[in-house]
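Here the structure comes first, spelled out in structure tokens, and everything after it is commentary.
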Amino acid sequence: MKAYVFPGQGAQFSGMGNDLYESSSIAKDLFNQANEILGFDITKIMFEGTDDELKETRVTQPAIFLHSMLAYSTLNNPQPSMVAGHSLGEFSALVAAGVLSFADGLRLVAARANAMQKACELEPGTMAAVLGLEDQKVESVCAGIPEIVVPANYNCPGQLVISGSVIGIEKACIALKEAGAKRALVLPVGGAFHSPLMKAAEEELQGAIQSITFNAPSCPVYQNVVAMPVTDPATIKQNLINQ
């Protein structure tokens with residue numbers, strides 16, 4: 001049994017995919033397809049981009065999606081029994097399961113990134129990982145911050161990601177450490193994802209998702225909003241919209 005889990009925003013690094021490009025014709029082809037679909041040289045940015053360039057949402061999301069697909073596509077006969085992805089990584093999981101083609105997956109990721117980039121510029125924000133504190137305590141601390149700060153990703157017991165305005169996250173990190181968190185670490189992301197500050201991106205992304213055909217998956221997809229295996233393509237589409 002093989003399970004593949006794909007990363008989300010924050011996993012970017014300069015030089016990502018360079019080793020695969022040099023060693024695989026499959027990787028070269030995917031890079032070339034991506035450059036054409038995106039309309040800019042994502043290859044150059046992934047290989048040579050600075051941390052700030054790679055942190056731009058319009059770049060980060062397609063770069064991480066592409067890197068995940070490169071790694072997956074160059075495996076020897078992967079044949080997943082189940083797939084999942086963290087936030088953005090769910091799009092990679094859907095391609096791995098055959099729900100989306102690589103091209104459609106990248107188009108949706110690009111639409112998502114552009115919509116969220118606009119929202120980020122309209123309402124600047126960020127995220128932070130909180131370690132070693134009960135979920136209810138994190139929720140309580142966030143509710144007491146006089147800024148937009150909300151729990152965003154319940155990763156596992158003792159690890160919760162919060163999202164909100166820059167100043168709100170700064171205040172929350174201080175308060176959470178005072179409340180007993182082992183760590184409250186601001187993440188290298190370009191916006192307050194999975195928070196009310198992303199409201200402006202919802203309608204644009206929903207339209208993009210609705211325009212794409214979703215196929216039946218080759219294996220169960222564990223989706224973020226339900227944390228359960230899903231095999232019906234219509235349900236997968238609706239869950240992705242709700243994400």
Side-chain angles (χ1 to χ4, degrees), residues 5-12 16-17 30 33-40 42 45-46 49 53-70 72 83-97 99-127 150 152-153 161 163-164 187-215 217 221-226 230 233-243:
V5 182
F6 297 90
Q9 199 153 343
Q12 69 275 7
M16 59 194 302
L30 290 179
Q33 287 186 54
N35 292 336
E36 184 174 349
I37 290 169
L38 295 171
F40 64 91
I42 188 72
I45 299 175
M46 288 171 66
E53 288 171 331
L54 286 166
K55 188 179 173 181
E56 287 186 42
T57 299
R58 71 173 189 88
V59 172
T60 311
Q61 294 192 19
I64 291 173
F65 169 83
L66 176 55
H67 190 249
S68 292
M69 289 295 91
L70 293 168
Y72 180 79
V83 294
H86 185 270
S87 188
L88 164 67
E90 191 164 297
F91 290 85
S92 304
L94 293 178
V95 174
V99 177
L100 299 172
S101 66
F102 169 77
D104 281 345
L106 182 56
R107 290 187 184 99
L108 281 183
V109 167
R112 182 181 193 264
N114 290 332
M116 293 172 78
Q117 181 73 46
K118 294 174 189 174
C120 292
E121 292 168 357
L122 185 66
E123 296 279 0
T126 190
M127 305 177 79
V150 297
N153 304 123
V161 174
S163 182
L187 299 174
V189 298
F193 309 125
H194 305 291
S195 84
L197 295 181
M198 287 292 108
K199 187 70 177 177
E202 283 186 11
E203 185 174 339
E204 186 172 343
L205 180 57
Q206 287 174 2
I209 292 173
Q210 292 286 14
S211 70
I212 298 293
T213 298
F214 280 47
N215 304 307
V221 180
Y222 282 75
Q223 292 190 272
N224 287 270
V225 297
V226 293
V230 185
T235 303
I236 289 172
K237 176 181 280 192
Q238 188 58 51
N239 285 342
L240 194 66
I241 289 172
N242 293 340
Q243 179 180 292

For Ala34 and Ile42, which heavy atoms make the closest approach, and how far apart are they? CB-CG2, 3.9 Å
Taking all atoms of both residues into account, what is the closest heavy-atom pair of Leu30 and Met69, and its distance? CD1-O, 4.0 Å
Parallel, tilted or perpendicular: which one describes the rings of Phe102 and Phe65, with boundaries at 30° and 60°? parallel
Find the distance between OG1 (Thr60) and CE (Met46) and round it off to the nearest 0.5 Å. 11.0 Å
Check: Asn215 side chain, Pro233 main-chain N or O, donor-acceptor pair, under 3.5 Å: no
Rounded to the nearest 0.5 Å, how far does CE of Met198 lie from OG1 of Thr57? 7.0 Å
Hey, are the side chains of Lys237 and Ile209 touching, using non-hydrogen atoms and a 4.5 Å cut-off? yes
Any chance you could measure Gln206, atom CD, to Leu240, atom CG, to the nearest 0.5 Å? 10.5 Å
Can you list the steps and then say if Lys199 with Glu202 is a salt bridge (charged side-chain N to carboxylate O under 4.0 Å, His left out)? CA-CA 5 Å; Lys199 187 70 177 177; Glu202 283 186 11; 3.4 Å; yes
Does any non-hydrogen side-chain atom of Gln210 lie less than 4.5 Å from one of Ile241? yes
Starting at CD of Glu90, measure out to CG of Leu108 and round the result to the nearest 0.5 Å. 11.5 Å
Looking at Phe40, I'd like to know if the NZ or CZ of Arg58 sits under 6.0 Å from its six-membered ring centre while staying within 45 degrees of the ring's axis. yes
Less than 4.5 Å apart, any side-chain heavy atom of Ser163 and any of Met127? yes
dist Ser68:OG -> Met16:CE (nearest 0.5 Å) comes out at 7.5 Å
Walk me through it: do Glu53 and Val59 pass the test side-chain contact (heavy atoms from CB on, under 4.5 Å)? CA-CA 7 Å; Glu53 288 171 331; Val59 172; over 6 Å; no
Indicate whether any N or O donor in one side chain lies under 3.5 Å from an N or O acceptor in the other, for Gln61 and Gln9. yes
Smallest separation among heavy atoms of Ala96 and Val83, with atom names: CB-CG1, 4.2 Å
Going from CZ on Phe214 to CG on Leu94, what distance comes out if it is rounded to the nearest 0.5 angstrom? 6.0 Å
Heavy-atom nearest pair, Pro196 first then Val150, reads CD-CG2, 3.9 Å
If you compare all heavy atoms of Leu197 against all heavy atoms of Pro124, which two are closest, and at what distance to 0.1 Å? CD1-O, 4.1 Å
Less than 4.5 Å apart, side chain to side chain, heavy atoms only: is that true for Leu70 and Leu66? yes
Can you confirm whether the side chains of Gln117 and Glu121 place a donor and an acceptor under 3.5 Å from each other? yes
Donor-acceptor under 3.5 Å (Gln12 side chain, Gly10 main chain): yes
